[in-house]
Amino acid sequence: MRATCWMGKGSIQVQQVPDPRILDDGDAIVRITATAICGSDLHLYNGFVPTMKSGDVLGHEFMGEVMEVGREVKNLKVGDRVVVPFPIACGACAMCRKSLFSLCENSNPNAWMAEKLWGYSPAGLFGYSHMLGGFPGGQAEYARVPFADVGPLRIPAGLPDEKVLFLSDILPTGYMGAEMCNIDKGDVIAVWGAGPVGLFAMKSAQLLGAERVIAIDRFPYRLQRAREISGAETLNYQEVDLHEALRELTGGRGPDACIDAVGLEAHMPGPLYAYDRVKQAVGLETDRTFALRQAILACRSGGTVSVIGVYGGFIDKFPMGAVVNRSLTIRSGQCHVQRYMKPLLERIEKGEIDPSVVISHRLRLDEAPHGYEMFLHKQDDCVKVVLRP
Ligand SMILES: [Zn+2]
Ligand SMILES: [Zn+2]
C-alpha cells in the first residue's frame, strides 16, 4: 500500500510499504477513505518528538471501511464505516474504566520509553513515535486498528466523511479543552491559537454556555475563521499589548478561563521568545511556552487555564507564583477521545456543529508532502488539510 512516511526532520515521502495485517484477535483492518494532517504532526515534521524512525507511517486522524476483523471482534463487521480515535485503548484497564482512555495502561508496548521521560506511560497512539507505541498511522491506504471493539465509532449512512472525520481527534480535543474550563453562564473564555483545535475549542465554549469567546492569533485569516465559526472577538497579538487588551475586554479582571491551543512551538515577539528559541535549540529546554505563560498571567484570579496544545518535555520560566497566589487551576490532558465521540456525533447529526467548516484544502494522499509544507508555512490560508487515499 501507499503511506505517508516520516523520513527524518523536515522530510516526508509517500512510499510503498507492506499492507497491514491482523496481528491480534482483537484487531481490525480499515481501508482508509479520509485522513487529515494535524498540527501535532507538524511537531513530528519539525523533529521535536523523540523516538521517530525513518520510514515510520504518520497520521492519527482517519476513518474508513472495515475490511477484516480478528476472531474476537464482536462490535464491528466487515463493511462497517468507522471513525478511529487517535489514542489506542483497551477498554478494560483501571484508566479505561475511569474513561481516561488516553491513559490506557495496556496499549503502549514501549511503555518503558515513556516512563523514562514522564514517570508513567500514557496510551499508545497511532503514528506518533516509538515512545508512544510505534503504531503505523493512518495517512495511508490501510491501517491496523488494535482493540477494535473499543475505539472505532460506527457512522450512520448519509453523513459524509468530512463531517465526521474530525471525531478522531481535533473536535473532541477542542471540546475537552472547553469542558475543562467548567464554564458558567456569562463566562468569558480566551483561546490562544486559532488553528483547527482552537477553533473547535471556541465553538465548544460557545455551545457550553460561554457568553463571549476571545480568539488570539497572529494570522488575520485564522482570526477571520474564528469570527465566522464561533462569533469570537479577535486579538492579533502582533498588533496589541495582549495583556492590556484582554484586561480591557474583561472589565479589568481577565478572562474566566484561558485555553492554550498552541503548545510547544509557540511563536511570540519579544525577548522571552528569543530566550526560548535559543534554549530549545541547544536542548536546555524542550518546549517553547510563550502562550502558556501568557495565558496564566492573563487569566482572572481563581480562574482556569486549560492546556490542550501539545507539550513534550520541560518548560522554563513557568509562572508558578501566579498559579499559587491567584488560586489558578491548571487542567490538561491528551483527549480521552472515546468518551466524546458519541455525544459529539449527536451534536453533528442535530446540526449544532459542522466540523467540515475548518477544512481549507483537499488533497490526494500522494500530495501529502505538499500538504505538510503548506500547513507548516500557513501558505494559501491553510487551516486544515484532508487527504484522500
Ligand atoms: Zn491530531
Ligand atoms: Zn486500557
Side-chain angles (χ1 to χ4, degrees), residues 9 39-40 42-44 46-50 114 116-120 122 131 173 177 180-181 188-195 197-198 201 214-219 235-250 252-334 376:
K9 183 179 167 182
S40 65
L42 298 179
H43 304 323
L44 302 174
N46 289 336
F48 281 106
V49 180
K116 271 194 188 166
L117 185 58
W118 296 330
Y120 296 90
M131 186 172 85
T173 295
M180 289 192 294
C181 296
V188 181
I189 310 297
V191 181
W192 273 252
V197 168
I214 302 170
I216 298 153
D217 205 287
R218 69 187 160 116
F219 293 99
L235 291 174
N236 185 329
Y237 64 77
Q238 287 188 325
E239 291 169 0
V240 295
D241 177 329
L242 187 60
H243 191 82
E244 282 309 309
L246 283 169
R247 185 199 291 265
E248 239 167 66
L249 285 173
T250 53
R253 185 178 288 137
D256 297 288
C258 294
I259 299 176
D260 171 3
V262 177
L264 65 86
E265 291 183 72
H267 173 280
M268 283 280 165
L272 262 184
Y273 175 67
Y275 172 93
D276 280 341
R277 289 259 5 192
V278 168
K279 289 201 73 170
Q280 198 176 40
V282 298
L284 286 173
E285 180 183 41
T286 55
D287 301 355
R288 301 201 298 264
T289 51
F290 216 104
L292 180 57
R293 283 187 203 119
Q294 241 175 7
I296 289 170
L297 295 176
C299 191
R300 78 151 161 81
S301 294
T304 299
V305 177
S306 164
V307 185
I308 49 175
V310 172
Y311 290 88
F314 304 94
I315 57 177
D316 217 338
K317 298 220 184 292
F318 185 80
M320 195 60 192
V323 175
V324 172
N325 291 289
R326 298 202 296 108
S327 301
L328 300 177
T329 299
I330 296 182
R331 298 192 64 186
S332 190
Q334 291 281 9
L376 175 64

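Predicted model, so just to flag it, every value in this text is computed and none were measured.
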Practice prompt. Could you grab the distance from atom CD1 of Ile330 to atom CE of Met180, nearest 0.5 Å is fine?
Written response: 11.5 Å
Worksheet item: Hey, are the side chains of Leu246 and Pro255 touching, using non-hydrogen atoms and a 4.5 Å cut-off?
Response: yes
Discussion item. Looking at Asp256 and Gly303, would you say the former's side chain and the latter's main chain have a donor-acceptor pair under 3.5 Å?
Written reply: no
Discussion item. Quick check: closest heavy atoms across Val197 and Ala261, and the distance to 0.1 Å?
Written reply: CG1-CB, 4.3 Å
Worksheet item: Is Met131 close to Trp118 at the side-chain level, that is, under 4.5 Å between some pair of heavy atoms?
Response: yes
Practice prompt. Grab the two heavy atoms, one from Leu297 and one from Pro319, that are nearest each other, plus how far apart they are.
Written response: CD2-CB, 4.1 Å
Worksheet item: Can you tell me how far CD1 of Ile296 sits from CE of Met320, rounded to the nearest 0.5 angstrom?
Response: 8.5 Å
Discussion item. If I compare all heavy atoms of Ile308 with all of Gly177, which pair ends up nearest, and what's the gap?
Written reply: CG2-CA, 3.6 Å
Fill in: Straight-line distance of Arg326 CZ to Arg300 CZ, nearest 0.5 Å
10.0 Å
Discussion item. Would you compute the distance between atom SG of Cys181 and atom CD1 of Ile189 and round it to the nearest 0.5 angstrom?
Written reply: 5.0 Å
Worksheet entry | Asn46 side chain vs Phe48 backbone, donor-acceptor pair below 3.5 Å | no
Fill in: Heavy-atom pair of closest approach, residues Ala201 and Val191
CB-CG1, 4.4 Å
Discussion item. Do Leu242 and Leu235 have side chains that approach each other closer than 4.5 Å (heavy atoms only, starting at C-beta)?
Written reply: yes
Worksheet item: Between Ser332 (side chain) and Val307 (backbone), is there a donor-acceptor pair under 3.5 Å?
Response: yes
Fill in: Closest non-hydrogen atom pair, Ala295 against Cys258
O-SG, 3.6 Å
Worksheet item: Are any non-hydrogen side-chain atoms of Asn236 and Asp217 less than 4.5 angstrom apart?
Response: no
Worksheet item: When rounded to the nearest 0.5 angstrom, what distance separates CH2 in Trp192 from CZ in Arg293?
Response: 14.0 Å
Item to complete: Looking only at non-hydrogen atoms, find the nearest pair between Ile216 and Ala190 and report the distance.
Response: CD1-CB, 4.2 Å
